Structures are given as structure tokens and as C-alpha cells.
Amino acid sequence: MSKLWQKTTNVNELVESFTVGRDTEFDHQMAAFDVLGSLAHTQMLESIGLMSSDDLQLVQRELKAIYKDIAQGNFTIEAGVEDVHSQVEMLLTQRIGDAGKKIHSGRSRNDQVLVDLKLFFRNELQQVVEETQILFRQLIELSEKYKDVLLPGYTHLQVAMPSSFGLWFGAYAESLGDDLELVLAAYKITNKNPLGSAAGYGSSFPLNRTLTTKLLGFDSLNYNVVYAQMGRGKTERIIAQALSSIAATLAKMAMDQALYLSQNFAFVSYPDTLTTGSSIMPHKKNPDVWEIMRGKCNRIQALPNDVAMMTTNLPSGYHRELQLLKELLFPAFTELKSCLHMATFMLQNITVKTDILNDPKYAYLFSVEEVNRLTLSGTPFRDAYKQVGLAIEKGEFNPDKKVNHTHEGSIGNLGNEYIELAFNKLVDSFDFVKVKQAVEELVK
């Protein structure tokens with residue numbers, strides 16, 4: 001089957017295979033969004049007189065039928081068909097004749113791919129936010145549940161000062177909030193309409209780009225048509241930074257959990273069904289889920305560099321290697337959502353040890369507490385520090401193992417209500433409702 005851009009000669013099969021790569025695989029994931037773009041674009045074409053109302057009615061009906069087929073898993077890109085755009089246009093032409101050939105007026109595959117990607121990324125980012133919300137709520141719930149259970153705090157992997165499970169769980173909740181700040185920035189940059197930029201230099205047709213922006217639920221336009229094309233690669237790089245930030249939080253959490261589950265720490269435990277064993281050591285309970293998560297998230301943290309290396313020193317305009325960005329971003333979304341889901345699942349089944357600090361090796365955790373107690377009773381800080389230090393050296397340190405931390409964000413005053421408030425306010429900034437309403441209106 002000839003390509004949309006072909007005139008006469010066929011491309012060498014080796015060249016075809018090398019340049020197409022995995023594109024068809026990823027095009028399937030964009031199919032529904034390609035149809036949404038065409039639903040909006042054809043409405044716009046009719047509004048400026050480039051499509052009759054009768055043709056629009058036919059095209060809209062069949063596009064919605066294809067959209068339903070995609071949702072039901074009944075859509076395929078046939079062998080020999082170059083991409084999802086060609087498949088959709090071919091189906092329309094087969095079903096309704098010449099009206100199906102008119103849908104490409106005023107656009108190029110360049111801006112069609114761009115709008116498909118923006119819609120796909122927007123949807124994926126929403127799913128990431130939703131999975132992050134679930135994990136956030138789980139962490140806050142656990143933070144409140146175990147706020148009075150003390151935990152050793154470490155610096156340099158040395159016993160340092162008293163902490164608590166309330167602080168540990170809450171720390172990762174607040175970290176996810178900061179991660180969502182980056183996701184919001186990525187979402188805002190993604191949620192701009194490139195449709196109508198054509199091959200990167202606009203069109204002589206009197207396109208109404210504001211209309212397609214509204215129909216597709218975008219917040220605004222990529223106004224400059226050259227920049228709309230330059231945004232490919234840049235959008236992916238910013239998204240990669242956002243995904244890597246969440247991945248960094250999860251990787252650190254996974255590392256903590258791998259340590260805490262080991263016998264030398266034994267701070268937490270999980271049901272046998274959630275850990276694995278050894279083929280020769282019957283005592284082993286391995287934190288394989290957390291270790292795999294750590295590995296996956298470390299790989300995602302490399303994503304911004306991968307995207308940057310793919311796009312560094314490219315001039316303006318479209319270049320074919322931009323297609324390879326899909327091989328980086330699409331699996332990363334899948335991996336990160338899976339890690340967020342698994343982190344929530346594991347934490348739903350965690351058991352924490354409630355008497356950790358009874359072990360004598362944690363006595364020195366309270367050295368600062370003792371220094372502060374002496375200081376509050378009138379001893380100069382430096383004298384109190386020396387006094388406690390000498391007691392430790394002589395083996396005479398016998399601390400009071402009570403903590404009295406009351407300032408904001410400390411053991412006795414977690415501030416979870418403020419962390420929740422900030423997180424919820426951030427989530428509300430995404431305005432997913434507007435997008436949902438726009439999509440529902442397009443396909444109804």
C-alpha cells in the first residue's frame with residue numbers, strides 16, 4: 001500500500017523497516033487521540049467553508065464509530081498502512097467515500113502527530129496524578145496512624161536522632177507534593193494546541209485555531225507555528241523531568257524499605273505473600289517489589305538525559321529522530337504508573353515495629369534531647385554538650401527516652417493537615433474536569 005506522501009516509487013524494504021521501527025506499536029496507543037483531533041479539525045473545516053455540513057455529518061458519524069471501536073479493542077493498523085493517521089483516513093474513505101479524503105485539508109502529518117502526542121501526554125499525566133493522589137492519601141493515613149511510633153533517624157547511615165513513622169510516611173507524602181509541582185508545569189506546557197501549525201509554517205487556509213483549541217479542551221494555543229514544531233522534543237524533555245522527580249521519590253522510598261525490612265534493621269514487615277525467598281536459605285524474606293521498583297525508578301531518572309541527547313543541537317523544524325522519543329516516553333509512563341500503584345499496594349500491607357527504640361544500641365539517639373533538656377534548665381549549650389559527651393565516653397549516659405518536639409513539622413506536630421491542603425490545592429490546578437467535558441462533547 002502506498003504512503004500518503006508517495007508519488008510513484010516504493011521505498012526499499014530495509015529502509016522502510018529501519019525508519020518505521022516501533023512506530024506502529026506506539027501509534028495504537030495514540031489512536032483514540034488521533035480521532036479526537038480529527039473530530040475537532042473537521043468541525044473547524046466546516047466552520048470556515050472547507051467542508052460541507054453533509055460531509056461533516058458523515059465524517060463525524062464514522063469518526064465516532066472508529067473511536068468506539070478503539071475503546072472496545074476492535075481497531076488495528078493493517079499491514080502496509082503507514083501509521084494511525086493513514087488507517088483512520090483509509091477507513092473513512094472506505095466507508096463514506098470522498099468525504100473521508102477531505103479531513104486532511106489544512107494540516108500536515110507534523111501537526112497531526114503533535115496534537116496526538118499532546119492529547120496522549122495530557123491523558124497520561126492525568127493518570128500519573130491520579131495514581132500519585134492514591135499513594136499520597138495512603139502515606140498520610142499511615143503517618144497519622146503511626147505518628148506516635150518512634151523510629152531511629154540516621155545521618156551518614158549512623159544513628160542520629162529520634163524520628164517517627166509519622167515523620168517517615170509524611171515526608172514522602174510532602175515529597176510527592178513537590179513532585180506534582182513539576183508535573184503541573186509539564187501539564188501546562190503540554191496542554192497547548194499545536195493543531196494548525198501544519199508542517200511548521202502554517203497554512204494559507206483561513207484556519208480557526210482558537211476553535212480547535214476550545215473543542216479539544218486545551219488551555220491555549222502554541223501561537224507561533226514554528227515554535228509549535230520546536231515544542232516537539234521540548235515538551236517531552238519537560239515531561240521527562242517531571243516523571244523523573246516522582247521516580248526519585250519512589251526510588252528513595254524503595255531503598256528505605258529494603259533497608260527497613262532487613263534483619264539488621266527489622267523496622268517493618270510484610271506478609272509472606274508479598275516477599276520472596278531463597279532457593280537455599282529458608283529464612284529469607286526478600287523485598288523484591290521494592291528492589292524492582294528502585295531499579296525501574298532509577299531508569300526513569302535517566303529519562304531527561306536520554307531525551308536531551310536525542311534532541312541536542314537539532315535545528316528548528318521537524319527531524320525524523322523525534323519519532324524515537326516515543327520509545328522513551330511511552331514505556332516510562334507505563335513503568336511509573338505501575339510503580340506508584342505497587343507502592344500503594346505494598347504500604348497497604350505494611351506492619352511497623354512499635355518497640356524499636358527499646359534496643360540499647362539506640363540509646364545515643366537521645367543525646368541531643370538530653371543536651372536540650374540541660375540547656376532549657378539553664379546550662380549553657382556548649383557546657384551541656386560537653387557534659388553529655390563525657391557521660392557517653394564514660395558509659396554513664398542513661399537518657400530519658402521521651403521526646404518533646406512541638407514545632408511545625410516535628411514529631412509532635414507533623415503538619416499533615418497543611419501538607420494535605422497544599423497537595424489538594426495543587427491537584428485542583430490541573431482542571432481535569434474541563435478536559436473531560438471537552439472530550440465528552442466531541443464524541444457524544
Side-chain angles (χ1 to χ4, degrees), residues 139 142-175 178 248-270 275 281 283-287 290-291 294 298 347 350-416 418-419:
L139 287 164
L142 289 168
S143 179
E144 288 296 319
K145 181 177 180 179
Y146 296 112
K147 63 184 178 182
D148 296 323
V149 179
L150 295 183
L151 175 73
Y154 292 81
T155 61
H156 308 274
L157 279 180
Q158 305 295 306
V159 171
M161 292 177 64
S163 180
S164 71
F165 279 103
L167 279 177
W168 189 89
F169 289 117
Y172 283 104
E174 188 170 1
S175 182
D178 276 354
T249 295
L250 292 181
K252 189 178 290 289
M253 181 194 296
M255 182 62 197
D256 278 356
Q257 285 295 288
L259 282 175
Y260 290 178
L261 188 60
S262 72
Q263 290 92 336
N264 286 18
F265 287 78
F267 296 165
V268 302
S269 62
Y270 291 93
T275 58
M281 294 173 280
H283 66 281
K284 293 289 292 296
K285 289 185 68 171
N286 297 325
W290 293 113
E291 290 173 339
R294 182 175 59 197
N298 285 343
L347 292 177
I350 193 171
T351 299
V352 307
K353 189 176 180 182
T354 58
D355 60 349
I356 298 169
L357 300 194
N358 289 341
D359 191 314
K361 68 173 171 282
Y362 297 122
Y364 295 156
L365 277 173
F366 298 91
S367 65
V368 177
E369 305 298 312
E370 186 65 16
V371 170
N372 291 348
R373 186 185 65 78
L374 291 171
T375 301
L376 287 170
S377 66
T379 305
F381 177 81
R382 285 301 166 198
D383 291 341
Y385 179 91
K386 289 180 181 178
Q387 185 177 326
V388 171
L390 287 171
I392 291 172
E393 286 183 12
K394 294 177 180 179
E396 298 172 354
F397 182 61
N398 186 26
D400 179 356
K401 294 186 178 181
K402 293 179 182 177
V403 294
N404 185 34
H405 295 193
T406 59
H407 67 74
E408 300 93 327
S410 63
I411 293 173
N413 185 9
L414 296 175
N416 284 339
Y418 301 107
I419 295 171

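This one's a predicted model, so the numbers in the text were calculated from it and none came from an experiment. In what follows, every heavy atom counts, from backbone to side chain, and hydrogens, waters and symmetry copies are set aside.
For residues 149-167, no pair satisfies side chain to side chain donor-acceptor pair (under 3.5 Å), with sequence neighbours left out. Applying the salt bridge (Lys or Arg N to Asp or Glu O under 4.0 Å) rule to pairs touching residues 147-166 yields Glu144-Lys147, sequence neighbours excluded. Identified under the salt bridge (Lys or Arg N to Asp or Glu O under 4.0 Å) test for residues 363-374, with sequence neighbours left out: Glu370-Arg373. Residue pairs that meet the side chain to side chain donor-acceptor pair (under 3.5 Å) test with at least one member in residues 375-396, sequence neighbours left out, do not exist here.
Atom-to-atom distance recorded for Trp168:CH2 and Phe267:CZ is 11.5 Å, nearest 0.5 angstrom. How far NZ of Lys252 is from OG of Ser175: 8.5 Å, rounded to the nearest 0.5 Å. Interatomic distance, OH of Tyr362 versus NZ of Lys401, reported as 11.0 Å (0.5 Å rounding). Of the inter-residue distances, the one linking Leu347 atom CG with Tyr270 atom OH reads 5.0 Å to the nearest 0.5 angstrom. Interatomic distance, CG of Asn413 versus NE2 of His405, reported as 12.0 Å (0.5 Å rounding). Atom OG of Ser367 sits about 9.5 Å away from atom CG of Asn372, to the nearest 0.5 Å.
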#### Entry: Derivation of the side chain to side chain contact (heavy atoms under 4.5 Å, CB included) call for Gln257 and Val268
CA-CA 8 Å; Gln257 285 295 288; Val268 302; 3.9 Å; yes
### Query
Can you check side chain to side chain contact (heavy atoms under 4.5 Å, CB included) on Ile350 and Phe169, steps first, answer last?
CA-CA 12 Å; Ile350 193 171; Phe169 289 117; 4.2 Å; yes
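Annotation for Met161 and Val368: closest pair CE-CG1, 3.8 Å, computed over non-hydrogen atoms. Taking each heavy atom of Ile411 and Leu167 in turn, the nearest pair found is CG1-CD1, 3.5 Å. Between Leu151 and Phe165, the shortest heavy-atom distance links the atoms CD1-CZ, 3.6 Å. Here the shortest heavy-atom pairing between Val149 and Thr354 reads CG1-CA, 3.8 Å. For Gly166 against Leu414, the heavy-atom pair with the smallest separation is C-CD2, 3.9 Å. In terms of heavy atoms, Ser143 sits closest to Asn416 at OG-ND2, 3.0 Å.
With a 6.0 Å radius and a threshold of 12 heavy atoms from other residues, nucleotides or ligands, Tyr418 has its OH atom at or below the threshold. Within 6.0 Å of atom CD in Glu174, 12 or fewer heavy atoms from other residues, nucleotides or ligands are found, so the atom counts as exposed in its surroundings.
Side chain of Lys285 to main chain of Leu261: no donor-acceptor pair is present (N/O by atom type, distance under 3.5 Å, no hydrogens or angles).
Every residue two or more places apart in sequence or in another chain was checked for a side chain to side chain donor-acceptor pair (under 3.5 Å) with Tyr364, and none qualifies. Listed by chain and residue number, nothing satisfies the ring pair (Phe, Tyr, Trp, His ring centres under 6.0 Å) test with Phe366 (two or more places apart in sequence, or in another chain).
Between Thr275 and Pro287 there is no side-chain heavy-atom pair separated by less than 4.5 Å.
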